[in-house]
Participant: 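The structure that follows is given in the form of C-alpha cells.
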Amino acid sequence: MNDLIRPSLYQAHHEIIPVIMTSNSKKQELVDVVGPVCETGDFFARDREMPETEEGDLLAILDTGAYGMSLASNYNTRPRPAEVLVDGKSSKVVRQRETMTDLMRNEI
C-alpha cells in the first residue's frame, strides 16, 4: 500500500527474484507476495510461480522505476523504503530509507 502500489492500482507486473535463499530447493510454488500493511490491496504479486521460500529469505522487486517512488506514501505511518539504482553488477543507494524522525519532522 505504501511501498509499491502499482500492482494493486493497475495490475502492474514487476519481476520478483530471489536474492538470498536459505534453501537450495528447486521446487516452485504458486504464491502471493504481499506487503507489510494488513490491507487487501497490499500485494506485489498474486498467483505468481516462484521458487519455494522460507522466512528470512530476501527477494528483489525489479523494474519499479520512477513511478515506484512517485506513488509511494507514508500510509499507516510507514517510512518509505530506500531507492537503489542497479547498473549491471554495481548498485548505489540514491535515496536513503526514511526514518521516524523524517516522518515527524513537520509535525507541530
Side-chain angles (χ1 to χ4, degrees):
M1 291 296 295
N2 63 299
D3 296 334
L4 182 62
I5 198 165
R6 294 185 74 242
S8 182
L9 288 181
Y10 312 121
Q11 292 74 51
H13 179 93
H14 294 279
E15 198 63 33
I16 302 174
I17 61 170
V19 176
I20 298 174
M21 304 289 286
T22 53
S23 168
N24 290 328
S25 173
K26 301 295 181 195
K27 184 178 175 186
Q28 298 279 311
E29 57 186 351
L30 199 61
V31 300
D32 292 342
V33 181
V34 300
V37 179
C38 186
E39 298 281 353
T40 305
D42 189 27
F43 65 89
F44 301 111
R46 290 245 168 101
D47 297 323
R48 183 81 58 94
E49 189 165 317
M50 296 188 60
E52 186 176 47
T53 60
E54 297 178 18
E55 184 176 344
D57 289 351
L58 180 63
L59 303 175
I61 302 174
L62 306 181
D63 61 25
T64 58
Y67 288 116
M69 183 50 88
S70 67
L71 293 173
S73 72
N74 298 118
Y75 173 74
N76 215 16
T77 317
R78 300 212 29 107
R80 287 179 288 187
E83 280 186 275
V84 179
L85 175 65
V86 178
D87 184 11
K89 292 185 178 184
S90 67
S91 62
K92 182 177 183 175
V93 174
V94 294
R95 185 185 308 248
Q96 293 182 349
R97 179 183 313 272
E98 286 181 326
T99 65
M100 287 306 291
T101 301
D102 295 330
L103 292 181
M104 301 300 163
R105 182 171 286 118
N106 294 322
E107 296 292 325
I108 298 175

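Computed from a predicted structure; not experimentally measured.
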Participant: Do M50 and F44 sit in one hydrophobic cluster, given that two such residues count as connected whenever their side-chain heavy atoms are within less than 4.5 Å of each other, even indirectly?
Facilitator: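 Same hydrophobic cluster.
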
Participant: For the hydrophobic clusters of this structure (ILVMFWY residues joined by side-chain heavy atoms under 4.5 Å, transitively), does one cluster hold both L4 and V31?
Facilitator: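 Linked, L4 and V31 end up in one cluster.
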
Participant: Say you draw a straight line from NE2 of H13 to CZ of R48; how long is it, rounded to the nearest 0.5 Å?
Facilitator: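 It is 4.0 Å, given to the nearest 0.5 Å.
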
Participant: L59 and I61: same hydrophobic cluster, using ILVMFWY side-chain contacts below 4.5 Å?
Facilitator: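 Yes, L59 and I61 fall within the same hydrophobic cluster.
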
Participant: Evaluate E98 against N74 for side-chain hydrogen bond (donor to acceptor under 3.5 Å, both in side chains), listing each step before the verdict.
Facilitator: CA-CA 10 Å; E98 286 181 326; N74 298 118; 2.8 Å; yes

Participant: For the residue pair L71 and R6, what are the closest heavy atoms and their distance?
Facilitator: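 Answer, listing the atom of L71 first, then R6: CD1-CG, 3.6 Å.
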
Participant: Determine yes or no for a side-chain-to-main-chain donor-acceptor pair under 3.5 angstrom, with D32 supplying the side chain and D47 the backbone.
Facilitator: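 Indeed, once roles are kept as given, a pair shorter than 3.5 Å links the two residues.
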
Participant: Considering residues, nucleotides and ligands other than Q96, do more than 12 of their heavy atoms fall under 6.0 Å from its CD?
Facilitator: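 Counting other residues, nucleotides and ligands, CD of Q96 stays at 12 neighbours or fewer.
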
Participant: Please give me the minimum heavy-atom distance between F43 and S8, naming the atom from each residue.
Facilitator: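 F43 and S8 have their closest heavy atoms at CZ-CA, 3.6 Å.
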
Participant: Could you go through the side-chain contact (heavy atoms from CB on, under 4.5 Å) check for M104 and T77 one step at a time?
Facilitator: CA-CA 9 Å; M104 301 300 163; T77 317; 4.0 Å; yes

Participant: Does some side-chain heavy atom of P51 sit less than 4.5 Å from a side-chain heavy atom of K26?
Facilitator: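 A side-chain contact is absent here, since even the closest heavy-atom pair is not under 4.5 Å.
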
Participant: If you define the side chain from C-beta out and look only at heavy atoms, does anything of D42 sit under 4.5 Å from Y75?
Facilitator: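 D42 does not reach Y75 side chain to side chain.
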
Participant: Measure the spacing between CZ of R97 and CZ of R95 and express it to the nearest 0.5 Å.
Facilitator: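 CZ of R95 is found 13.5 Å from CZ of R97.
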
Participant: Check for a donor-acceptor pair, side chain of S90 on one end and backbone N or O of D87 on the other, with a separation under 3.5 Å.
Facilitator: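 Side chain of S90 to backbone of D87: a pair is present.
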
